[in-house]
Novice: 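Questions regarding the structure given below will be posed in turn.
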Amino acid sequence: MNITHIEHLGIAVRSIDACLPYYEHVLGLKCYNIEIVEDQKVKTAFFKVGQTKIELLEPTSEDSTIAKFIEKKGEGIHHIAFAVPSVQDALDEVSSKGVQLIDKAPRPGAEGLNIAFLHPKSTCGVLTELCM
Ligand code: CO
């Protein structure tokens with residue numbers, strides 16, 4: 001697979017509003033986009049750190065996977081997202097290598113990206129997103 005860089009780190013939070021002061025006033029990062037992704041029942045906030053982004057994920061519904069994650073593990077790092085030239089090609093490749101997929105085909109994510117998740121059972125415990 002041809003990973004070009006870490007596109008973003010996804011961090012699960014209970015409240016984006018409550019976290020903005022830390023990211024903006026302590027770390028000095030600028031939130032440049034807040035977006036609701038209906039498909040995933042999350043509100044997202046983005047910060048750039050070099051060419052990598054930090055994506056805060058706040059659940060918009062109790063049955064959001066992010067709500068369930070926070071319930072189980074608390075707030076914290078939720079996933080790592082690698083940029084690849086083609087999400088479908090990358091999925092086909094890892095699938096042929098026996099990796100369990102959450103998404104068999106790319107779907108729309110925040111920021112107009114195509115995204116797909118690999119199952120943490122197959123990725124040494126880290127929920128892994130491929131995107132482009
Ligand atoms: Co993500």
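Ligands are counted one by one from 1 in listed order, and the atoms in each one are counted from 1 as well.
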Novice: Measure from NZ or CZ of K48 to the centre of the six-membered ring of Y32, then state whether that distance is under 6.0 Å and the direction lies within 45° of the axis.
Specialist: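 Yes, a cation-pi geometry holds between K48 and Y32.
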Novice: Return all protein N, O or S atoms below 2.8 Å from the Co ion (ligand 1), chain by chain in residue order.
Specialist: H8 NE2, E55 OE1, H79 NE2, E129 OE1
Novice: If only atom types and distance count, is the side chain of T60 paired as donor or acceptor with the main-chain N or O of K43 below 3.5 Å?
Specialist: no
Novice: Do E62 and K68 sit within salt-bridge range, that is, some charged N less than 4.0 Å from a carboxylate O?
Specialist: no
Novice: Under 3.5 Å, is there a donor-acceptor pair between the E129 and H8 side chains?
Specialist: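 There is such a pair between these side chains.
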Novice: Are H78 and E55 linked by a side-chain donor-acceptor pair shorter than 3.5 Å?
Specialist: no
Novice: Answer yes or no: does atom CD1 of I77 have more than 12 heavy-atom neighbours from other residues, nucleotides or ligands under 6.0 Å?
Specialist: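 No.
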